[in-house]
Amino acid sequence: MTTSSALPKQYDPSEVEPRWRRFWLENGFFHADEASPTVPYAITLPPPNVTGSLHIGHALGFTLQDILIRWKRMQGFNAMWMPGIDHASIAVHVLLEKDLQRREHKTRFDIGRDEFMRRAWAWKERSGSRISEQEKLLGFSLDWPRERFTMDDRANRAVIEAFVRLHEDGLIFRAKRMINWDPASETVVSDLEVDIAEENGSLWEIRYPIVGGASAAGAIVGGASSEAITVATTRPETLLGDTAVAVHARDERYRHLHGKLVELPLTGRQIPIVAVDVMIDGKSWPDPAFGSGAVKVTPAHDPTDYEVSQLVGLPILQVIDAQGRMCDPAPAKYVGMAVEDARKAVVADLEAAGLLGAVKDYKVPRGRSQRTGAVIEPMLMEQWWVKAAPLAEKAVAAVEQGKTKFVPEHETKTFMHWMTHIKDWCISRQLWWGHRIPAWHCACGAITVARETPAACSTCGSAAIMQDEDILDTWFSSGLWPFSTLGWPDKTRDLATFYPNNVLVTGPDILFFWVARMMMMGLHLMGKVPFRTVYLTSIITDENGAKMSKTKGNGIDPLDVVHGATVDQLVERIDIEKPPVDLDALKRTVRKNFPKGVPAMGADALRFAFAALNTTGRIRLSVDRVEKYRNFINKLWNASRFALMNLDGYDPERFEAQLSTPAGRASLGMPERWILSRLQGVVGQVDAALEAFRFNDAAGAIFHFVWDELCDWYIELAKPHLYMSAEVEQDAARNARRHVVQGVLATALETTMRLMHPFSPFVTEEIWQKLPKPPQLPGSLMITVFPRGDASWVDPAAEAEMQLLQEVAVACRMLKQTYGVSPAQSIDVELRVASPAPRAILEHHLGVIERAAKVAATLSADTAAATPAGSAKAVVGGDVEIVMPLGGLIDVAAEKSRIAKDIAKADKEIAMLDKKLGNADFLARAPEDVVAEQRGRLAEEQSRRQRLADALATLSAGGAAGGAAKGAS
RNA sequence: GGGCGAAUAGCUCAGCGGAAGAGCGUCGCCCUUACAAGGCGGUGGUCGCAGGUUCGAACCCUGCUUCGCCCACCA
């Protein structure tokens, strides 16, 4: 090797990435100036939870955002990408309280609110920057000086302002309603934070004895002989809080019992049998066809029962407390029991009393807290609510008017459906880490809502007021994020410039949690939608379509993909993180799923993979798949390495000057014109694809151009012109030619780097910095100009010519391969073509075929000449025959069957086209160009078939020439 | 129960009115001086089923089947 290459054969991201990361940050390239006169383009990063680390879903969404931001920045927009972190109140509680329990065996109530908050802040200071570091690692060009936290001073101000205004507007109110109670974290959670799943349970039948029945009047025991009404329940323990038994008013079976009392077992209480006919959720209730048709009613602990109690007027008896234990109005025996224990006790006591009927296994829908996994207890409590309907109306109208659109478009329906069926949003939480509700309670019963701590009750003037203990749902502050980050409620330059944002990119899983709330808050408080487009990403799953999770051992950590991790490291991590599952089983799963660990592939490969694999729906991600794009990065690296090894003596300014004149352009060879034309093609495709958020198309276009066109064809064809030798050195013409080829290669690569930079910023910056370029360019690729289409470089003639040459070369390779001719061995071929146009092309560029297929080609117009005995033959297009004399090598039988197969294929095509063109309706109604195209195809296929048939006839006639060749199978 | 999707090569997915595509896999041949994380070639599909619209359907419409996802308080 003559070149002492400074570049390693394999691309090493670990060496390259840190350098450019530092360089970009130190130069402040990510920072946008709100006062810039250029057109703004803004995206707000969905703030990750402070508890978390960057997972694969973040990595995907953030990568797509960075692609958009870098692309727009290079296009000259004032691109601003707002970073931030969310305080994630309940998640922090779960984390810290678990830790508190483990280390000190204490609950948050043991240490108190102030101490808990002190610890939470200390913890936030310690781990809050971890995510930002990880974001930097992946090269995200976030505007760091703007970074925000949902509990920083400015965010707090915005939250209070929003609360007070919504309260003033009558959109925030206090009400006692049925809520979802999470007994583990002792707080309310919203409907969205409850996961309902069918779990195995039982359906118990219980007999409630009728008071004053035919026999044993008033007796609780000896129920077998008393008249009784049977109810069915999945929750026997709630019996202790029953205040009625309901039957349908028109249910004849129970007509005689209307108004009678039953003895509520185990309680000594008597409750009425009420006749009811109400509509619950659009259905008549109770349903006489279900179970016995009689329903026990527990208004305090069942949403339906509560609703009924309000409609019919029944007392409400709370027998379960905030810790999920039975409480006072329940008989003393059960007080203090956990719900599950009380259930067993009640069932046992009922059985003992002879009041238990049939028991069967039953699938019960059970709600669990998303965060703690605890079974949700429906409870009646006074809470703060946001009146959702008026806010939702504005959001619906804005979407209908196209002020915000969704990509993919069908997500619009999901959004609209939810918005038009929206329920009030419970926003108070009985937690500490979060924004305390700016409301003060007075003994007089009045509540004062204020921006600043008030000195006295606004109603009675008493100074003895106490701030509400509750905090706000995390999503309340998140809903303000697109404008609170820009300085709202102040009228700032930031807001004027960057609100509304152009795009929001997030996962479909938080469409309701977050997107919906931002739309409502933005429209109400800012009067404008928060973003023009909502792009919803795919969901990442493992190869089998299962959601990635730590407890399942199928997750891929994006940072492992960047740095690499051995399987032992993956397993060790399980011991550190201790997810709440069987650790040994998990370790085995991880060893099975990642036998080789995760190879280090670099941020660029991961980012490119995300773009390329991002289709609507879900991405089944695996290490192997990312590896493919790692290989692609390496391919690009090596192509560049090759170029750099052969660019000595290249003068970019001279080349640029040459291209600026018509004569200079004319001096380009056909392959040069072809690759520059293809380059135009890919530039146009990438730009169009990104405009439409078709990241996979954009990445695919780059992939295909670089690998299949630039590397496989252009570089191969350029090689003979690039290699330097003493001979070349003394030949002025060849020198000039070399310089042109160098220029085209360098230009193609340089443009490709700009085109690909948003996807894979590190490797492209590294290569770009090394490429020779004209002077006066910026010091970094990321602030150069994104390639713009230039139609003057589109060259259909060159593309058509190359296509023919490629087809002929591929056919030559195929024949060589079929007959066992080594790729390295050159062989004679004769190209026979009658039509002047293709002949002219072949004549001018025989060298291209010779180079690409490693053959020695001759050209002939005489298609009628006899072929040498033992020749293999192929036909390209309609009339380019490739004759490869193989002497004794050819296996006549194999060759005949191969050609016969080709003929069969042609026959099929011809039959189809004949049918089409024989159809008068087709000729009459199809557009002319389509008809002409089909005619052309038919002619080509017929010509091709003829040539193949001739070849077959020749073979059959001279079949004796066949030798004992090592033929094809 | 309601809503929204999806069924195309062995696998994962593009294509969404005018010649069935890609990557991976598989089968061969090559360590050819950028790259074996590579090169070259081959194999592989009545585009879920049944109707309809159209000159023409993988693509539009209807029904069916099978899978996903989201929403939903039947005791």
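Chain naming here is simple, since letters A, B, ... match the order of the sequence lines and numbering starts at 1 in each. Predicted model, so just to flag it, every value in this text is computed and none were measured.
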TODO: Mind calculating the distance between CG (D708(A)) and P (G38(B)) to the nearest angstrom?
DONE: 13 Å
Task: Distance-only donor-acceptor test, K635(A) side-chain atoms vs C35(B) base atoms, 3.5 Å - done: yes
- [ ] Can you check whether any acceptor in the base of A34(B) is under 3.5 Å from a donor in the side chain of K719(A), or vice versa?
- [x] yes
Task: Between P of C24(B) and CD of E543(A), the distance in whole Å - done: 15 Å
TODO: In whole angstrom, give the distance that lies between atom NZ of K413(A) and atom P of C71(B).
DONE: 19 Å
Task: Nearest-angstrom distance from the residue atom CG of D302(A) to P of C73(B) - done: 11 Å
Open item on the list: I need the CD-P distance between Q10(A) and A36(B), as an integer number of Å.
Closed with: 7 Å
Task: Counterpart base for G21(B), defined by Watson-Crick or G-U wobble contacts under 3.5 Å - done: C13(B)
Task: Nucleotide nearest R618(A) when distance is taken to its side chain, options A75(B), C70(B), C13(B) - done: C13(B)
Between the protein and nucleotides 17-21 of chain B, list the N/O to N/O atom pairs that are separated by less than 3.5 angstrom.
residue: A19(B); atom: N3; partner: R937(A); partner atom: NE; Å: 2.5
residue: A19(B); atom: N3; partner: R937(A); partner atom: NH2; Å: 3.0

Open item on the list: Does E15(A), at its CD atom, have more than 12 non-hydrogen atoms belonging to other residues, nucleotides or ligands within less than 6.0 Å?
Closed with: yes
Task: Cation-aromatic face contact K719(A)/F642(A), 6.0 Å, 45 degrees - done: yes
Task: Atom pair distance, as rounded to whole Å: CZ in R620(A) and C1' in C24(B) - done: 14 Å
TODO: Under a 3.5 Å limit for both distances, which nucleotide forms a Watson-Crick or G-U wobble pair with G68(B), could you say?
DONE: C4(B)
